[in-house]
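Quick one: the structure is below, and I'll ask about it shortly.
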Amino acid sequence: MQSIDIKSCDDATTLTFTLLSSDSEQIAFSAQISGAPFVGQVDSSTYFCGPPTLLFQEMARDWRGWSGTKEWRALDGELSIVASSDSLGHVTLITEMSYQSRNFTLSAKLILEAGQLDQVLRAVNSIMPLDGC
C-alpha cells in the first residue's frame with residue numbers, strides 16, 4: 001500500500017495518509033494520527049468532497065500566509081483538516097477524526113513550515129492526485 005507521512009516540525013505528531021483503493025470516481029484512503037502517547041485512524045474517501053490534496057494545493061499556493069482558515073472535510077465528517085497560518089511562516093493543521101457518530105473523537109495539531117508546503121503537496125498528490133477522481 002502506498003502511504004505518506006506529514007510530520008509536525010515541533011514534536012513527534014504525524015499525519016499519515018494510506019491509499020486503500022482508487023477508481024475514476026473516488027479514492028478510498030485511511031488517515032492516521034500518531035504522536036506519543038496516542039494513535040488514531042479512520043477510513044475516508046474523496047466521494048463528493050474531493051481529495052484533501054485540494055487543501056494542500058491551496059496552502060502551497062498561499063505559502064506566504066493567509067487570513068482565516070482553510071478547510072477540508074470528508075462528506076460524513078469522519079475526518080477534517082483545518083489550516084491556519086501566522087506571520088512567522090508557520091502553518092497549523094488541526095486534524096480531527098471522528099468515529100461512530102462522533103462518540104469518539106481525536107484531535108491533533110501539527111505545525112508545518114511554509115517552506116515545506118510544496119513538498120507536502122507533492123507527497124499527498126502522489127497518492128491522491130487532483131486529476132484522479
Side-chain angles (χ1 to χ4, degrees):
M1 282 193 255
Q2 281 184 286
S3 65
I4 59 106
D5 293 330
I6 302 169
K7 296 180 181 180
S8 180
C9 66
D10 72 338
D11 63 19
T13 306
T14 302
L15 172 60
T16 302
F17 290 119
T18 303
L19 179 65
L20 300 176
S21 66
S22 177
D23 62 36
S24 63
E25 295 184 21
Q26 70 176 327
I27 297 169
F29 64 95
S30 72
Q32 177 179 319
I33 298 172
S34 60
F38 66 84
V39 174
Q41 181 175 328
V42 294
D43 290 343
S44 190
S45 80
T46 61
Y47 180 71
F48 191 70
C49 55
T53 313
L54 295 166
L55 171 65
F56 291 97
Q57 180 183 46
E58 283 186 39
M59 291 167 29
R61 181 193 66 216
D62 298 336
W63 66 273
R64 290 190 175 131
W66 60 88
S67 60
T69 60
K70 297 179 180 293
E71 301 179 21
W72 180 89
R73 295 187 189 284
L75 179 63
D76 293 329
E78 70 276 5
L79 178 64
S80 69
I81 306 169
V82 178
S84 60
S85 66
D86 66 19
S87 61
L88 300 174
H90 300 106
V91 174
T92 301
L93 289 182
I94 303 294
T95 304
E96 185 175 284
M97 298 178 173
S98 299
Y99 181 70
Q100 292 185 346
S101 303
R102 298 196 175 268
N103 287 335
F104 299 96
T105 60
L106 173 66
S107 181
K109 177 173 77 170
L110 289 86
I111 305 296
L112 305 177
E113 299 286 341
Q116 292 178 266
L117 297 177
D118 278 337
Q119 177 184 353
V120 170
L121 171 60
R122 284 192 301 275
V124 175
N125 194 55
S126 73
I127 64 168
M128 291 184 276
L130 290 168
D131 60 0
C133 49

Subject >> Interatomic spacing from CG in L106 to CD1 in I33 - rounded to 0.5 Å >> reply: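 Reported value, rounded in 0.5 Å steps: 4.5 Å.
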Original post:
So, does W72 use its side chain to make a donor-acceptor pair with the main chain of G50 at under 3.5 Å?
Top reply: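 Side chain of W72 to backbone of G50: a pair is present.
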**OP:** To the nearest 0.5 angstrom, please state how far the OG atom of S21 sits from the CG atom of D43.
**Re:**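 It is 9.5 Å, given to the nearest 0.5 Å.
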Original post:
Would you say K7 has more than 12 foreign heavy atoms packed within less than 6.0 Å of its NZ?
Top reply: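 Count not over threshold, so no.
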Original post:
Does L15 share a hydrophobic cluster with F38, counting links as ILVMFWY side-chain heavy atoms below 4.5 Å and allowing steps through other members?
Top reply: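 Cluster IDs for L15 and F38 match.
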Subject >> Minimum heavy-atom distance D86-G89, with the two atoms named >> reply: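 D86 and G89 have their closest heavy atoms at OD1-N, 3.2 Å.
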Subject >> CZ/F48: more than 12 non-hydrogen atoms of other groups inside 6.0 Å >> reply: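 Count not over threshold, so no.
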Original post:
Does L79 belong to the same Ile/Leu/Val/Met/Phe/Trp/Tyr cluster as I94, with side-chain heavy atoms less than 4.5 Å apart forming each link?
Top reply: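 They do not share one cluster, since no chain of ILVMFWY contacts under 4.5 Å joins L79 to I94.
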Original post:
In Å, rounded to the nearest 0.5 Å, how long is the span from CG of L93 to OG of S8?
Top reply: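 L93 atom CG to S8 atom OG measures 8.5 Å (nearest 0.5 Å).
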**OP:** Kindly give the heavy-atom pair with the smallest separation between M59 and V91, and that separation in Å.
**Re:**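 Nearest pair, atom of M59 first, then V91: CE-CG1, 4.0 Å.
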Subject >> Qualifying ring-ring contact (aromatic ring centres under 6.0 Å, His included) pairs, either residue in residues 1-34, two or more places apart >> reply: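 ring-ring contact (aromatic ring centres under 6.0 Å, His included) check on residues 1-34 returns F17-F29.
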Original post:
To the nearest 0.5 Å, what is the distance between OG1 (T13) and CD1 (I6)?
Top reply: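 Atom-to-atom, T13:OG1 and I6:CD1 are 12.5 Å apart.
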Original post:
Between V42 and E78, what is the shortest heavy-atom contact and its length?
Top reply: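 Smallest interatomic distance, heavy atoms only, reads CG2-O, 3.7 Å.
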**OP:** Can you see which heavy atom on P129 is nearest to which on I27, and at what distance?
**Re:**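 Residues P129 and I27, closest heavy atoms: CD-CD1, 4.1 Å.
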Please report, to 0.1 Å, the donor-acceptor pairs under 3.5 Å made by any side chain of residues 108-127, with sequence neighbours excluded.
{"residue": "Q116", "atom": "OE1", "partner": "E113", "partner atom": "N", "Å": "2.6"}
{"residue": "N125", "atom": "OD1", "partner": "L130", "partner atom": "N", "Å": "3.0"}
{"residue": "S126", "atom": "OG", "partner": "A123", "partner atom": "O", "Å": "2.5"}

Subject >> Atom pair CE/OG1 of M97 and T105 - distance to nearest 0.5 Å >> reply: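 Interatomic distance, M97 CE to T105 OG1, rounded to 0.5 Å: 11.5 Å.
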Original post:
Say you draw a straight line from OG of S84 to NE2 of H90; how long is it, rounded to the nearest 0.5 Å?
Top reply: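 That separation rounds to 12.0 Å.
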Original post:
Do you know which of T14, T16, T18 makes side-chain hydrogen bond (donor to acceptor under 3.5 Å, both in side chains) with D5?
Top reply: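 So the option named by the test is T16.
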**OP:** Check G65 against S85 and note the closest heavy-atom contact, atom names and distance.
**Re:**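 For G65 and S85, the tightest heavy-atom pair comes out as CA-OG, 3.3 Å.
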Subject >> Hydrophobic cluster membership, V82 vs W66, 4.5 Å side-chain cutoff >> reply: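 Looking at the clustering, W66 is in a separate group from V82.
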**OP:** Considering non-hydrogen atoms only, spot the tightest contact between C49 and A74 and give its length.
**Re:**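 Heavy-atom minimum between the residues: SG-CA, 3.8 Å.
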